[in-house]
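Take a look at the following structure, please.
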2 protein chains.
Amino acid sequence: MSTTTTDTNTFDAFDASCPSRRLLDTIGDKWVSLVIAALGTHGRMRYTELSTKISGVSQKMLTQTLRKLERDGLLSRTVTPSVPIRTDYELTPLGHSLLETICHLKAWAEAHMRDVDTARETYDQQRNPPGAVPL
Amino acid sequence: MSTTTTDTNTFDAFDASCPSRRLLDTIGDKWVSLVIAALGTHGRMRYTELSTKISGVSQKMLTQTLRKLERDGLLSRTVTPSVPIRTDYELTPLGHSLLETICHLKAWAEAHMRDVDTARETYDQQRNPPGAVPL
DNA sequence: CAGGATCCTCTATGATACTG
DNA sequence: CAGTATCATAGAGGATCCTG
């Protein structure tokens with residue numbers, strides 16, 4: 001066993017090859033979670049539907065994100081060579097399992113984000129007392 | 001009711017104020033997960049211990065990350081004004097709960113990262129057939 | 001419609017030097 | 001020791017134009 005991070009009890013993502021590290025690299029991406037969430041909520045979606053739903057995303061980022069997720073096997077891409085071409089994206093079973101995992105995060109957020117906000121306010125007030133002189 | 005993302009079943013981080021969105025902004029940070037993991041593994045640690053353990057992190061990033069996590073109430077910072085000053089960092093209960101959540105991610109990674117790797121190989125081989133002419 | 005290719009601009013981060 | 005402040009840079013990401 002050694003100190004490899006593949007052991008169930010020694011997770012620390014210091015090893016760049018540790019799966020948990022690579023997962024963080026994946027879901028840490030700003031758009032990945034949004035695409036997963038969109039497809040998880042709406043099922044099969046077309047390229048334009050995604051770009052509309054995820055307002056603010058550029059073509060470049062959307063395409064780049066979709067390609068990455070397709071490569072990782074998290075979603076499937078189906079091209080229909082009709083007159084105006086049509087492309088559909090859909091979560092694979094693997095993608096759905098990640099969606100569920102993300103929902104665990106959501107549960108934590110819903111349970112504790114209030115605490116985080118309170119902590120922030122307390123911290124900010126201590127560093128920015130009422131009598132502080134503005135620049 | 002409504003489309004608010006605070007509902008348990010309608011998680012989509014499209015709303016920037018959605019807790020799940022802000023959580024992703026937090027754990028998506030490259031160093032956050034490493035600091036949490038380090039403190040989760042070793043308990044109380046000094047500044048230098050952290051910078052040693054998390055090899056490759058700059059002073060700037062480490063300090064910045066620690067401040068952010070302290071502000072969010074995920075870790076506590078204890079300064080001892082001894083001769084050479086001493087500062088200790090430790091996960092708060094809130095920080096520990098996030099550590100547990102991150103472990104859920106780890107579980108997913110360990111269970112499915114092989115599938116992701118396989119998907120990547122398949123994808124790459126299809127786009128880079130053996131007969132492809134290099135540039 | 002669904003992208004590919006470019007250019008360009010910030011921002012995040014690293015390196016360095018200084019301090020209580 | 002544990003930072004703060006400053007400068008420099010790579011790379012992420014946006015805007016734009018073009019095409020099957």
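Letters A, B, ... are given to chains in the order of the sequence lines, protein chains preceding strands, and every chain is numbered from 1.
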I'd like to know if B:Asp15 and B:Arg21 make a salt bridge, using a cut-off of under 4.0 Å between side-chain N and carboxylate O.
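Judged by the 4.0 Å cut-off on N to carboxylate O distance, B:Asp15 and B:Arg21 do not form a salt bridge.
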
Identify, between B:Tyr47 and A:Asp29, the residue whose nearest nucleotide on DNA chain D lies closer to the 5' end.
B:Tyr47

Could you list by number each residue of residues 51-75 of chain A showing a heavy-atom separation from DNA chain D of less than 4.0 Å, or answer none if no residue does?
A:Ser58, A:Gln59, A:Lys60, A:Met61

Nearest atoms (heavy-atom pairs only) where B:Gly40 meets B:Leu99:
CA-CD2, 3.5 Å

Should the pair B:Asp29-B:Lys68 be classified as a salt bridge under the 4.0 Å nitrogen-to-oxygen rule?
yes

Compare all side-chain heavy atoms of A:Leu50 with those of A:Leu39 and state whether any distance is below 4.5 angstrom.
yes

Kindly write out the residues that satisfy side-chain hydrogen bond (donor to acceptor under 3.5 Å, both in side chains) with B:Asp88, not counting sequence neighbours, or none if the list is empty.
B:Arg86

Using a cut-off of strictly less than 4.0 Å, decide whether B:Tyr89 has a side-chain nitrogen or oxygen near OP1 or OP2 of D:dG3.
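Checking D:dG3 against B:Tyr89, a side-chain N or O does come within under 4.0 Å of OP1 or OP2.
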
What does the inter-axis angle of the helix from C:dC1-D:dG20 to C:dG20-D:dC1 come out as, five pairs per end, nearest 10 degrees?
50°

Could you tell me whether A:Glu49 and A:Lys53 make a salt bridge, using a distance below 4.0 angstrom between a side-chain N and a carboxylate O?
no

Please report, rounded to the nearest Å, how far the P atom of D:dT4 is from the CD1 atom of B:Ile85.
10 Å

Boundaries of the chain B footprint along DNA chain C (any atom under 4.0 Å from a heavy atom)
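With heavy atoms of chain B under 4.0 Å away, the range is C:dT13 to C:dG20.
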
Rounded to the Å, how far apart are B:Arg77 CZ and D:dC1 P?
16 Å

Name all residues meeting the salt bridge (Lys or Arg N to Asp or Glu O under 4.0 Å) criterion together with B:Asp117; count only those two or more places apart in sequence or in a different chain, and write none if there are none.
A:Arg22

Determine the minimum heavy-atom distance between B:Leu74 and B:Leu94, stating which atoms define it.
CD2-CG, 3.7 Å

Check the distance between D:dG20's C1' and A:Arg86's CZ and give it to me in whole angstrom.
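So the CZ-C1' distance, A:Arg86 to D:dG20, works out to 18 Å.
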
Pairs touching residues 67-114 of chain B that satisfy ring pair (Phe, Tyr, Trp, His ring centres under 6.0 Å), sequence neighbours left out:
A:His104-B:His104, B:Trp108-B:His112

Are A:Thr101 and A:Leu105 close enough, and set up right, to give a side chain to side chain contact (heavy atoms under 4.5 Å, CB included), and what steps lead you there?
CA-CA 7 Å; A:Thr101 301; A:Leu105 287 183; 5.9 Å; no

Does D:dC1 have OP1 or OP2 under 4.0 Å away from a side-chain N or O of B:Arg46?
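Negative; the distance criterion is not met.
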
Provide the closest heavy-atom pair for A:Ile27 versus A:Val32 in the form atom of the first, atom of the second, distance.
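So the two residues come closest at CA-CG1, 4.3 Å.
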
